[in-house]
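Below: the structure, in structure tokens.
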Amino acid sequence: MKGVIIAAGYGTRFLPATKTVPKEMFPLIDKPAISFIVEEFIDSGIEDILIISSRRKKSLEDYFDREVELESVFTKENSQKKLEKIKPLKANICFIRQQEMRGTGDALLLAQDFASGSQICVAYPDDIVFSDIPLTRQLMNACTSAEDTVLGVMNVADNEIDRYGIVDTNDNGRVSKLVEKPAIGSVKSNLAVIGRYILSTEIFPLLIEEKKKNPSGEFFQIDPINKLASMGKVKSHAFSGIRLDVGDPLGYLKALVEYGLMREDLKDSFFSYLKKVVSR
Ligand code: G1P
């Protein structure tokens, strides 16, 4: 299994900050959002990771590189603690830049050579999940064949289905249909896909067909996944864990609060502060 992170988008929900700071670099306190995903992959046993970025996102490449100047300063100071903080993550991380913003289908097609016959776990960096078993590992465990596509899903409130891809399942637990952001009341299910899928290599020829239908505009993986679903090859997996959505301003704010309350070094003082704020 290899990991692919789709990180080329403009991040318009966070303008003007995203004029210069990629949203994937927004930190939860001191760690950029994308680092949580890379660590989830590594903790799941994935060694090869492709980040699909764009020319606007050079800081992503720098972040995963060595920081030679700080290394030398901290080595002189003999500060192991600081050196530990800047140590690059242990994975083969490579980048490819999407040349035109033509949708996530186009971004995924850029991963075809990298996949070279392996299944890939695709992550949208907006979704950060804290769980005992890393989310990617949960999906890998749900995968029983190299032809499986597995979508991470969770239940959402009926009035929120228009913000997600919603899956319908048939009696044998396989996905029968994925509908992207359906109107409220238009579908029976409230099982939402989050930004973690395991895709088999069968997705690539289907994405190429999709591109041919729309040679110059945006295209997505939804129809190709539905084709695989019609062949009975798509599963959903209701994962366990706490999902934080850092993809929009309110979600990001909630994520900061949740993460602040998880951090051993901050949670007590932060909780006292929150109680004061609430009582005001
Ligand atoms: C994306 C996907 C959607 C999924 C959601 C989960 O939407 O298109 O299927 O349910 O992520 O976070 P976005 O939030 O980027 O609009």
Side-chain angles (χ1 to χ4, degrees), residues 4-15 18 22-24 26 28 33-34 36-37 40 51-54 57 98 101-109 111 120-131 135-136 138-139 149-169 175-184 186-199 203 206-207 210 214 217-229 234-239 241-255 258:
V4 174
I5 303 178
I6 299 185
Y10 291 134
T12 51
R13 285 179 270 205
F14 286 101
L15 282 169
T18 43
K23 78 170 175 187
E24 296 78 11
F26 284 18
L28 288 188
I34 195 162
F36 288 91
I37 312 289
E40 178 192 310
I51 299 178
I52 299 170
S53 74
S54 70
K57 306 220 169 175
Q98 194 177 6
M101 293 303 110
R102 293 194 48 197
T104 46
D106 180 66
L108 281 175
L109 259 186
I120 50 174
C121 182
V122 175
Y124 285 35
D126 287 354
D127 289 304
I128 297 177
V129 171
F130 292 95
S131 49
L135 173 58
T136 297
Q138 294 183 40
L139 300 185
T149 284
V150 182
L151 311 177
V153 296
M154 64 179 190
N155 277 297
V156 294
D158 292 344
N159 62 357
E160 286 186 342
I161 61 164
D162 57 350
R163 294 175 43 198
Y164 296 94
I166 301 293
V167 301
D168 233 333
T169 49
V175 170
S176 52
K177 197 163 174 48
L178 168 62
V179 186
E180 182 65 6
K181 305 198 171 82
I184 292 170
S186 67
V187 290
K188 284 178 284 162
S189 160
N190 59 356
L191 262 192
V193 287
I194 67 144
R196 227 53 111 250
Y197 316 146
I198 287 181
L199 296 176
I203 199 74
L206 298 172
L207 285 169
E210 205 60 21
N214 193 353
E218 285 191 316
F219 62 98
F220 301 91
Q221 66 277 22
I222 308 297
D223 288 351
I225 289 177
N226 274 322
K227 281 203 184 118
L228 295 173
V234 183
K235 286 180 177 171
S236 61
H237 177 74
F239 62 92
I242 299 173
R243 174 216 178 220
L244 306 179
D245 176 3
V246 295
D248 72 70
L250 181 60
Y252 180 62
L253 186 57
K254 289 180 184 172
E258 293 280 356

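Each ligand, and each atom within it, is numbered from 1 in the order the structure gives. These values consider heavy atoms only, across backbone and side chains, with no hydrogens, waters or symmetry-generated copies.
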Next item on the list: With heavy atoms of Asp127 as the reference, note each atom of ligand 1 found under 4.0 Å away.
Entry: 6 (C), 12 (O)
Check: Looking at Tyr124, which atoms of ligand 1 are within less than 4.0 Å of one of its heavy atoms?
Finding: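 Those atoms are 1 (C), 2 (C), 11 (O).
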Note to self: Quick one, Asp127 and Arg243 - any side-chain contact, counting heavy atoms below 4.5 Å?
What the structure shows: yes
Item checked: Met154 and Val129, any side-chain heavy atoms less than 4.5 Å apart ->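 Side-chain contact under 4.5 Å: no.
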Under 3.5 Å, sequence neighbours excluded: what are the donor-acceptor pairs made by side chains of residues 186-195?
unit_1 : atom_1 : unit_2 : atom_2 : d
Ser186 : OG     : Ala183 : N      : 3.3
Ser186 : OG     : Ala183 : O      : 2.6
Ser189 : OG     : Val167 : O      : 2.6
Ser189 : OG     : Leu191 : N      : 3.0
Asn190 : ND2    : Val156 : O      : 3.0
Asn190 : ND2    : Asp158 : OD1    : 3.4

Margin query: Looking only at protein heavy atoms, which one is nearest to atom 2 (C) of ligand 1, and what is the separation?
Written below: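 Ranking protein heavy atoms by distance from atom 2 (C) of ligand 1, first comes Glu180 OE2, 3.5 Å.
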Notebook entry, point to check: Considering only the protein, which heavy-atom contact is closest to atom 13 (P) of ligand 1, and what is its distance?
Noted result: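 Result: Lys181 NZ, 3.6 Å.
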Check: Which heavy-atom pair separates Gln221 from Gly105 by the least distance, and what is that distance?
Finding: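 Answer, listing the atom of Gln221 first, then Gly105: OE1-N, 3.9 Å.
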Note to self: Testing the basics here: between Phe14 and Asp248, what is the closest heavy-atom pair and its distance to 0.1 Å?
What the structure shows: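 For Phe14 versus Asp248, the nearest heavy atoms are CZ-C, 3.3 Å.
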Check: Under 3.5 Å between some N or O of ligand 1 and some N or O of Gly165?
Finding: yes
Next item on the list: State if Val193 counts as touching ligand 1 under the rule of any non-hydrogen atom under 4.0 Å.
Entry: yes
Checklist line | Option nearest atom 15 (O) of ligand 1 (shortest heavy-atom distance, choices Arg196, Arg243, Gln221, Arg13) | finding: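 Minimum heavy-atom distance to atom 15 (O) of ligand 1 goes to Arg13.
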